[in-house]
Amino acid sequence: MSDSNKLIRWGYLPDEILTHIFTFLPIKSIIICTSVSKTWKSLIQNPTFISTHLHHSHTKSQNLFLLLNISRNDREVYALHKEDDDPDFTEYTSFESPFHAPAPGFHEVVGTCNGLLCLSYDHANDIFLWNPCVRKFLQLPYPDVTVDTHGVSCTSFGFGFDPKTNDYKVVRILSIMGSPSDFVKSRPVVEVYSLSTGEWRMLSASASLPPVCAKISHRPPAFANGALHWIAVTNDKKRFVLVFDLGDEVFRQILLPELPSYTGKMMWTRVSVYGNSIAGFQRRVETGQINIWVMKEYGVASSWTKFSHQCPTLGMPSPCPVGFRRNGEVILLNIGLELVSWNPDSQNIKNLEINGYFDTFCGSYVESLFLFDKATKGVVTY
Amino acid sequence: MKFCAVKQYFDDENNNNITSGASTTMIPLPNVESHPLAILITYCKKHLKIKANNADNKKETEKEMEQYEQELLKKVMPQELTELILAANYLNFKEALDFFCRAVASAIQNKSIEFVRKFFGLESDFELGEEEKLREEFAWSFEGVDED
């Protein structure tokens, strides 16, 4: 076979084989390939390929990571750790925030999904969608409802993916308060941003609003089963899980377990993703006690089960639970802002030697190419 | 039967009452050269053998298979990979297709644009200045790329 024949053969590699080869490349190399030829560029910067690549990422277990936002040398850093059985919890890679924050921890993480991170700085109405793997971000347009237009409010955010419409959505719930010490007087205002339209929409249907007089936790919600979950509290101090289905855009409630009065003042702090379901954390600052409840059967309130082992107290005041690792261990933020990993079965505690923030976020992360296609308007490269 | 295209042929032929002549049946494969076909047959036989030897131990199978694959790659020229990929694709032999695609990906991973073009025998078809713009926009991705 002559050399010229070989040359022609390469050129005849069908597109689906070329893209199959690309899925095996690390993201940096995929980006380099966009500069090889026009054909390759259009194959890669294509929503179909980006979806295929994500699907491939999900099936390759070594591409699943835990994302933490941490403090390093006074800078805000997002670190990725592999979720396999690495006893040393070594870092795979880290990203610096491109948002010129005046101080670390300035921007709060709303959530992460399919490689995208959603960050907010509510006081300036700044909200970003960011893919650190491809160094692209998008600033959302300013929402319609703000402190200036509607008065003092308490804002809660959520971010997730709606498979029905193949769209990423950011939810913003504002509880309008009468005076700073009042709970909500009227029903909260809900706005939803869609990446596909690039616009905010205010929800008006009754089912699309949270129940009256609900104050919603400021902490990032847990995104599970296509819905966002926050801890919320009614005016008569009863706590429950507020659920917003991203597909139907309606609110529901999930009851929290009834606790006998002798258990004392355990405060529900946050909801976390736990496998295919959710878990709730309770904390009592004075005694340092932490309870972890898991909803064994998602959506069934009677299936809430408390972890039989108690989280060790680790010194006073109690550590703050941050979230779960895929292997079932719990990441806790200790008093000195150090992160530790607790194994509920072996009771083993490992100091991760990582410094967190008061608002350290942890969540499952997968590398993706979202925002890399040119189609999305206003995407910034840095 | 790993060569799904061949399996399809047998399934079709069964409707025409072919009996035990399987070992002497000639199956036309016009799109596959004999050399890559020979390699694919060897790969397939080896894969099945390793799997049988390590019946329940998936990790052992993977490890042995990896060792065999490393040895195989040493004997195969990069330019032969394209024939092997096309052959595996035509025969619908998924494991081999994945393996050879991964091999090509490893060969071009973290390499410069020029290296990749040379490897595939491609020329730049960008307009004047277009390539420069792209290199500038994604400058960060070229950091740490292997020297040519």
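Every chain is numbered from 1 and lettered A, B, ... according to where its sequence line falls, protein lines coming before strand lines.
- Using a 4.5 Å cut-off between heavy atoms, Ile30(A) does not touch chain B at all.
- For Glu131(B), the part lying near chain A is the side chain, with the backbone staying farther off; criterion is any non-hydrogen pair under 4.5 Å.
- In this structure, Phe142(B) and Ser35(A) approach most closely via the heavy-atom pair CZ-OG, 4.3 Å.
- Using a 4.5 Å heavy-atom threshold, the side chains of Leu86(B) and Pro14(A) count as touching.
- Within a 6.0 Å radius of NZ in Lys350(A), other residues, nucleotides and ligands contribute more than 12 heavy atoms.
- Between Trp140(B) and Lys28(A), some side-chain heavy-atom pair lies under the 4.5 Å cut-off.
- Pairing each heavy atom of Phe126(B) with each of Val36(A), the nearest pair is CE1-C, 3.9 Å.
- A distance of 5.0 Å separates CD1 in Ile21(A) from CZ in Phe120(B), rounded to the nearest 0.5 Å.
- No other option in Thr34(A), Thr381(A), Ile32(A) has as many heavy-atom pairs under 4.5 Å with chain B as Ile32(A).
- Using a 4.5 Å cut-off between heavy atoms, Glu130(B) touches chain A through its side chain atoms alone.
- Contact count against chain B (heavy-atom pairs under 4.5 Å) is highest for Trp40(A) among Tyr382(A), Phe22(A), Trp40(A).
- The distance from the CD1 atom of Ile17(A) to the CD1 atom of Ile85(B) is 6.5 Å, given to the nearest 0.5 Å.
- The line from CD of Glu123(B) to OG of Ser37(A) is 11.0 Å long, rounded to the nearest 0.5 Å.
- By the neighbour-count criterion of 12 heavy atoms within 6.0 Å, atom NZ of Lys133(B) is sparsely surrounded, having that number or fewer from other residues, nucleotides or ligands.
- Between Phe24(A) and Asp98(B), the closest side-chain pair of non-hydrogen atoms falls below 4.5 Å.
- Both the backbone and the side chain of Asp125(B) come within contact range of chain A, judged by heavy atoms closer than 4.5 Å.
- In this structure, Asn276(A) places its CG atom where only 12 or fewer heavy-atom neighbours from other residues, nucleotides or ligands lie under 6.0 Å away.
- A salt bridge between Lys136(A) and Glu137(B) is present, with a side-chain N of the basic residue lying under 4.0 Å from a carboxylate O of the acidic one.
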